[in-house]
Amino acid sequence: MLSMNTNTNTIVDWKAYAQKYDMLLAYNPFYQETHQEVINKISDWNMAEGDLIADVGAGTGNYSVEVARLFPQARILHIDNDEGMIARASEKAAELKNFQILDKPIGEVQFAEESLQGLLCINAIYTFPNPKAELKKMYRWLAPGAQIVLVDAGRIMNLRAWTLALAWSMLRKHGLRTTLKVLKEAKAVSQQNAYIRENQQNGTFWTHSHEQFCEAVLEAGFLIENASVCFRGDCDLVIARKP
Ligand SMILES: C[S@@+](CC[C@H](N)C(=O)[O-])C[C@H]1O[C@@H](n2cnc3c(N)ncnc32)[C@H](O)[C@@H]1O
């Protein structure tokens, strides 16, 4: 999928990003930390036979595949509309019987009201054309009492600061040779992050403060149970429940 801004022609090529996306899980300690925190929260969910969990903007399946393994009795719906991301997720989920891909843009996804028992949306809402409307839709889809886990990049990324922070952390953990190799290989990721930054700057992607994000979640109807910032302050992590 290409996300295009009609003013400047800035494009985020999710397909190109998908080729190297999983380097984040392998090497980025900030991505790893949030991933672990989210998976820990989700592992507390009680799921019955046949319950439905949706991962919206699920990418290469770093979350959805793990959630499918956590709850073999439930059905995991991996929602994304980028062929590169979906191809990676399909490979990873090949052996999973409870994993289903919905290859659709979020704007076209429909579920019956109150039909989902769990929902997650990790670093995808800010890229959607109508983020607040999608939050309201997610609220309608969830069953009363069910939880949603949200992570969203709200602040404009400082790419230089990110590169320095990553290089420093990798140097300490993996040494110079691996750090240089990974940084070279991660060029595709940096390029897409530069496009994401441009889309944030020109208003195509939603930017928000932590407070604004929490307000949007409350406005959609959810009760917030836990809210914090992550990814070096650039993202918001919110655990909320439908009353
Ligand atoms: C930054 S990635 C996050 C992937 C995954 N949630 C993770 O954290 O590893 C954003 C994902 O949102 C997907 N996406 C962007 N716009 C979308 C839309 N309108 N409908 C569905 N998915 C979309 C992209 O294809 C991409 O896989």
Side-chain angles (χ1 to χ4, degrees), residues 1-5 10-28 30-39 41-42 53-68 76-93 99-111 118-135 137-138 141 148-155 157 159 162 186 188-200 204-207 230-231 234-238:
M1 185 202 73
L2 300 181
S3 175
M4 177 128 42
N5 175 305
T10 303
I11 293 168
V12 177
D13 184 348
W14 295 113
K15 191 175 174 189
Y17 205 166
Q19 312 310 312
K20 299 290 176 192
Y21 194 82
D22 288 349
M23 290 181 78
L24 293 172
L25 190 54
Y27 292 107
N28 184 328
F30 308 100
Y31 186 96
Q32 289 164 343
E33 196 182 309
T34 303
H35 181 266
Q36 197 52 55
E37 194 174 347
V38 167
I39 295 296
K41 302 268 185 214
I42 289 176
I53 302 172
D55 182 352
V56 181
T60 62
N62 285 342
Y63 291 85
S64 58
V65 169
E66 197 126 348
V67 173
I76 314 306
L77 305 163
H78 175 110
I79 303 166
D80 207 291
N81 65 336
D82 178 73
E83 59 175 312
M85 293 283 183
I86 286 173
R88 273 297 289 140
S90 308
E91 281 167 28
K92 289 197 252 175
F99 188 93
Q100 187 183 340
I101 288 175
L102 293 188
D103 178 359
K104 277 185 183 183
I106 180 68
E108 289 175 22
V109 176
Q110 286 182 9
F111 294 112
L119 231 160
L120 56 154
C121 185
I122 313 295
N123 276 327
I125 293 177
Y126 73 100
T127 73
F128 296 160
N130 297 299
K132 291 186 182 173
E134 300 309 340
L135 273 174
K137 254 167 61 180
M138 291 179 204
W141 294 340
I148 184 165
V149 179
L150 301 162
V151 175
D152 206 49
R155 269 68 76 196
M157 278 191 285
L159 299 174
W162 264 106
V189 175
S190 311
Q191 182 62 72
Q192 296 316 314
N193 282 336
Y195 292 148
I196 288 174
R197 180 184 156 87
E198 282 177 47
N199 276 283
Q200 289 178 312
T204 302
F205 287 170
W206 183 31
T207 54
C230 54
F231 276 98
D234 282 354
C235 300
D236 303 302
L237 167 58
V238 171

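Remember, it's 1-based here, ligands and their atoms both numbered in the order they're listed.
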Backbone or side-chain N or O of Y21 under 3.5 Å from ligand 1 N or O: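 Yes; the residue has a nitrogen or oxygen that sits under 3.5 Å from a nitrogen or oxygen of the ligand.
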
D80, any N or O under 3.5 Å of ligand 1 N or O: yes

Are the side chains of [X] and [Y] in touch, meaning some heavy atoms are under 4.5 Å apart?
{"X": "L77", "Y": "I53", "result": "no"}
{"X": "F231", "Y": "R155", "result": "no"}
{"X": "F111", "Y": "L119", "result": "no"}

[X] heavy atoms, cut-off 4.0 Å: which ligand 1 atoms fall inside?
{"X": "N123", "result": "1 (C), 2 (S), 3 (C), 10 (C)"}
{"X": "D82", "result": "25 (O)"}
{"X": "T127", "result": "15 (C), 16 (N)"}
{"X": "G59", "result": "4 (C), 27 (O)"}
{"X": "I106", "result": "18 (C), 19 (N), 20 (N), 21 (C)"}
{"X": "I122", "result": "3 (C), 5 (C), 6 (N), 8 (O)"}

Donor-acceptor pair between W14 and D80 side chains, under 3.5 angstrom: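 No, no side-chain donor-acceptor pair sits under 3.5 Å.
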
Distance-only donor-acceptor check, side chains Y31 and N62, under 3.5 Å: yes

Partner of C235 by side-chain contact (heavy atoms from CB on, under 4.5 Å), out of I122, D152, N123: N123

Option nearest atom 9 (O) of ligand 1 (shortest heavy-atom distance, choices Y63, Y31, W14):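 Comparing heavy atoms across Y63, Y31, W14, the nearest one to atom 9 (O) of ligand 1 lies in Y31.
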
Closest candidate by heavy atom, reference atom 6 (N) of ligand 1, pool A153, A124, G57: G57

Test side chain to side chain contact (heavy atoms under 4.5 Å, CB included) applied to L237 and V149, step by step: CA-CA 8 Å; L237 167 58; V149 179; 4.2 Å; yes

Ligand 1 contact by Y17, heavy-atom criterion under 4.0 angstrom: no

For ligand 1, the portion of A58 having any non-hydrogen atom under 4.0 Å away: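 Backbone only.
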
Considering all heavy atoms, the nearest V65-A93 contact: CG2-CB, 4.1 Å

